[in-house]
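Please read the structure below before turning to the comments.
In listed order, ligands and their atoms are each counted from 1. All values reported here derive from a predicted model rather than from experimental measurement.
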Amino acid sequence: MNYNLIFQSQKEFFNSQVTKDIAFRKENLSKLKHILKANEHLLFEAIYKDFRKSAFDTFVNELNLVYLEIDYFLKHLNRLSKPKKVKTGMVLLPGKSYIYKEPLGCAFIIGAWNYPYSLTLIPLVSAMAAGNTAMIKPSELPENTMHAMAGLINTNFPSDYLYVVEGGVPETTEMLKLPYDKIFFTGSPRVGRIVYEAAAKNLTPVTLELGGKSPAVVTASADLEIAAKRIVWGKFLNGGQTCVAPDYLLVEEPVKVRLMELLKQKLDAFNYEDGAEHYVSIINKRNFDRIVRWIDASKVYYGGAYNENTLYIQPTLLDSITWEDSVMQEEIFGPLLPVLSFTDFNGILCEIIKREKPLAAYLFTKNKEQKNKFLKTVSFGGGCINDTVMHLTGDSLPFGGVGNSGMGSYHGEFGFLAFSHQKAILEKSNWGETNFKYPPYSKEKLKWIKRFM
Ligand code: NAD
């Protein structure tokens, strides 16, 4: 396939100015929502075939988030796209200053596999809302969902506006050579580096939504019952294949035994057995093998079972883990929860900040001082106090990483800005002209300028 031809046609379409029209943007956002809703059953079937993700999970954690994002833009697009008036400095008077938001142009969106619809379509919605054209490359691992998205978008939208490419590494590598106006990538830090390097060749701005090891810290003052419930839900959602899932647990020594018991109770109650409708299987054999190698029977406190035929891994709590264990050396991205204990709160924060900046971090505590210390000391993309994962729902908080977990953010207005350029405009009056800045210069002029400034 000649990606350059599609890219050139998108550039031409963008230059025709059509996508800048607010009515055009709204009409196409509504159309996208309508198409997705009308074909929900196909989308549910596709994802179930890929990794046994239920319609409930897919609706709540994927499609509904896409619909909400579209609704947000339908409601707020006029306000967001209006030039924003800002203060004009004394020296610039008479005149006015404003920020004029314009779409960047042709965007390239690369999706990850774990939430294949939301991680591909929410950035697409932001790109459309901001007035861009887009080439889209969903992850190839869930091949049925990739195919479903390509089918729906490519048959309902012209390719010079939106186009989904089905493909894997060779296709993405080829596509990355083109001089897009924006690249929005979701995936691993390893591939993020490849994308960033390719973007640098064309000076293309990037948003990198990456991953990492996100800690959950439980202190002695926490409400343990609530903490256990929310940690189990956030960790084992999507079979542990969630970028912001707590990767490992740090629990204050005096409450460790009680917390472990409660975690076990919640796991029993949530009933994540093989074949359960609400429990997702591992995406493929390669990831299955990567995860099960960390199940060390001598450290299993709960779970540890797996089934190669169904790619099922039972939610597993690993006890007596140390920072040196192999499971602590890379992002798990699966249903294993290593548990470490601590006695010194400040000491454990020091351990966290010695490592790469995580995408998320969670603290369970009722102690205000500890909360403030945690927020001030640890750098991470975003997170929760007394909850897990939920910070990424809703449109008022930016979602993104920092350092090794990414750069830039999206959701709501943040997504709009990620796909926009903020053009700085000073609109000067034709009256009130002074000659201070014009040559020839003189001591007298300098004296007045110094006084004036
Ligand atoms: P990945 O980096 O392997 O793949 C992501 C995308 O990059 C896919 O579309 C893939 O086709 C493409 N790709 C893979 N190798 C490539 C290469 N060599 N050159 C060019 N393109 C290539 O990531 P994944 O396995 O799909 O997802 C898991 C990772 O993504 C985890 O680290 C997870 O934390 C992270 N993630 C982050 C977020 C977020 O929002 N921050 C969301 C989901 C997943």
Side-chain angles (χ1 to χ4, degrees), residues 3 50-51 61-62 65 69 108-124 126 135-143 145-146 149-150 164-178 183-199 201 206-214 234-235 237-248 280 282-284 286-288 290-291 330-334 356-361 380-383 389 391-393 397-411 414-415 418:
Y3 305 119
D50 284 329
F51 55 128
N61 302 316
E62 299 227 41
L65 299 182
E69 193 77 0
F108 181 28
I109 295 165
I110 307 172
W113 61 263
N114 54 331
Y115 290 86
Y117 296 135
S118 59
L119 295 177
T120 311
L121 297 175
I122 294 180
L124 173 63
S126 311
M135 291 172 72
I136 305 131
K137 215 295 293 174
S139 171
E140 70 282 16
L141 299 191
E143 57 173 348
T145 60
M146 171 176 73
M149 282 189 278
V164 178
V165 172
E166 294 187 61
V169 177
E171 288 78 8
T172 322
T173 307
E174 210 40 45
M175 290 179 81
L176 276 171
K177 292 180 183 156
L178 296 170
I183 297 178
F184 190 105
F185 170 79
T186 304
S188 59
R190 180 186 70 81
V191 180
R193 285 183 174 81
I194 297 173
V195 170
Y196 201 15
E197 217 174 303
K201 294 209 171 85
V206 292
T207 296
L208 300 177
E209 294 284 337
L210 311 178
K213 284 185 91 63
S214 301
K235 174 68 194 186
L237 176 73
N238 213 38
Q241 304 162 112
T242 301
C243 55
V244 288
D247 182 275
Y248 60 98
V280 174
I282 302 302
I283 184 72
N284 58 18
R286 205 176 65 107
N287 273 288
F288 177 86
R290 188 182 60 79
I291 299 163
E330 60 180 275
E331 183 181 0
I332 299 170
F333 220 56
E356 296 287 10
K357 296 178 181 180
L359 181 61
F380 53 94
V389 177
H391 62 289
L392 66 79
T393 58
L397 288 174
F399 176 56
V402 56
N404 198 61
S405 55
M407 62 182 74
S409 60
Y410 70 129
H411 288 188
F414 305 98

Search all heavy atoms of Ile332 against all heavy atoms of Lys213 and return the closest pair with its distance.
CG1-NZ, 3.8 Å
Pull out every atom of ligand 1 sitting under 4.0 Å from any heavy atom of Glu209, numbered as shown with elements.
37 (C), 38 (C), 39 (C), 40 (O), 41 (N)
I want to check something: taking the side chain as every heavy atom from C-beta on, are Pro138 and Val164 in contact at a cut-off of under 4.5 Å?
yes
Is ligand 1 under 4.0 Å from a heavy atom in the side chain of Asn114, in the backbone, in both, or in neither?
side chain
Value rounded to 0.5 Å, distance of CG in Leu210 from NZ in Lys357:
13.5 Å
Heavy atoms only: which of Glu331, Glu171, Arg286 is nearest to atom 34 (O) of ligand 1?
Glu331
Counting C-beta onward and ignoring hydrogens, is there a side-chain heavy-atom pair between Tyr3 and Lys177 closer than 4.5 Å?
no
Any N or O of Glu140 closer than 3.5 Å to N or O of ligand 1:
yes
Ignoring hydrogens, just give me the one of Pro189, Gly382, Ser214, Gly187 whose non-hydrogen atom is nearest atom 35 (C) of ligand 1.
Gly187
I need the contact type for Leu119 against ligand 1. Using non-hydrogen atoms and a strict under-4.0 Å cut-off, is it side chain, backbone, both or neither?
side chain
Where Pro116 and Thr145 come nearest, the two heavy atoms and their spacing:
CB-OG1, 3.6 Å
Does Arg190 reach ligand 1 with a nitrogen or oxygen that is under 3.5 Å from one of the ligand's nitrogen or oxygen atoms?
no
Can you report which non-hydrogen protein atom sits closest to atom 17 (C) of ligand 1, along with the distance?
Val169 CG1, 3.6 Å
If you compare Gly111, Gly211, Ser409, Ala112 by their heavy atoms, the one closest to atom 8 (C) of ligand 1 turns out to be Gly111
Partner set under side chain to side chain contact (heavy atoms under 4.5 Å, CB included) for Pro246, not counting sequence neighbours
Ala216, Lys235, Tyr362, Thr388
With a cut-off of 4.0 Å, which atoms of ligand 1 are near a heavy atom of Thr186?
5 (C), 37 (C), 38 (C), 39 (C), 40 (O), 42 (C), 43 (C)
Under a 4.0 angstrom heavy-atom cut-off, which atoms of ligand 1 come close to Ile110?
6 (C), 7 (O), 9 (O)
Starting from atom 41 (N) of ligand 1, locate the nearest protein heavy atom and write down its residue, its atom name and how far away it is, to 0.1 Å.
Leu210 O, 2.7 Å
Does the protein put a heavy atom under 4.0 Å from atom 4 (O) of ligand 1?
no
Which residue and heavy atom of the protein sit nearest atom 28 (C) of ligand 1, plus the separation:
Phe333 CE2, 3.6 Å
From Cys243, Pro142, Gly381 - option closest to atom 36 (N) of ligand 1 by heavy atom:
Cys243
Quick one: does Phe185 get a heavy atom under 4.0 Å from ligand 1?
yes
Would you kindly specify which portion of Tyr115 sits under 4.0 Å from ligand 1, judged on non-hydrogen atoms: side chain, backbone, both or neither?
neither
Considering all heavy atoms of both residues, which atom of Phe399 and which atom of Glu209 are nearest to each other, and what is their separation?
O-OE2, 3.0 Å
Just verifying a value: how many Å separate Tyr410 OH and Ile122 CD1, rounded to the nearest 0.5 Å?
5.5 Å
Proximity of Leu141 to ligand 1 by residue part, where a heavy atom lies under 4.0 Å:
neither
Does a side-chain heavy-atom distance below 4.5 Å link Asn238 with Tyr115?
yes
Test your reading of the structure: does Val191 have an N or O sitting under 3.5 Å from an N or O of ligand 1?
no
Nearest heavy atom to atom 1 (P) of ligand 1: which of Ser188, Ser139, Ala198, Pro123 does it belong to?
Ser188
Asn114 side chain reached by Phe51 side chain, heavy atoms, under 4.5 Å:
no
Heavy atom of the protein closest to atom 25 (O) of ligand 1 (residue, atom name, distance)
Trp113 NE1, 2.9 Å
Determine yes or no for a side-chain-to-main-chain donor-acceptor pair under 3.5 angstrom, with Glu171 supplying the side chain and Gly168 the backbone.
yes
Nearest 0.5 angstrom please: Leu65 CG to His411 NE2, how far?
7.5 Å
State which residues pass side-chain hydrogen bond (donor to acceptor under 3.5 Å, both in side chains) with Asn404; sequence neighbours excluded, sorted by chain then number.
Arg193
I'd like to check which ligand 1 atoms, numbered from 1 as shown, lie under 4.0 Å from a non-hydrogen atom of Phe399.
40 (O)
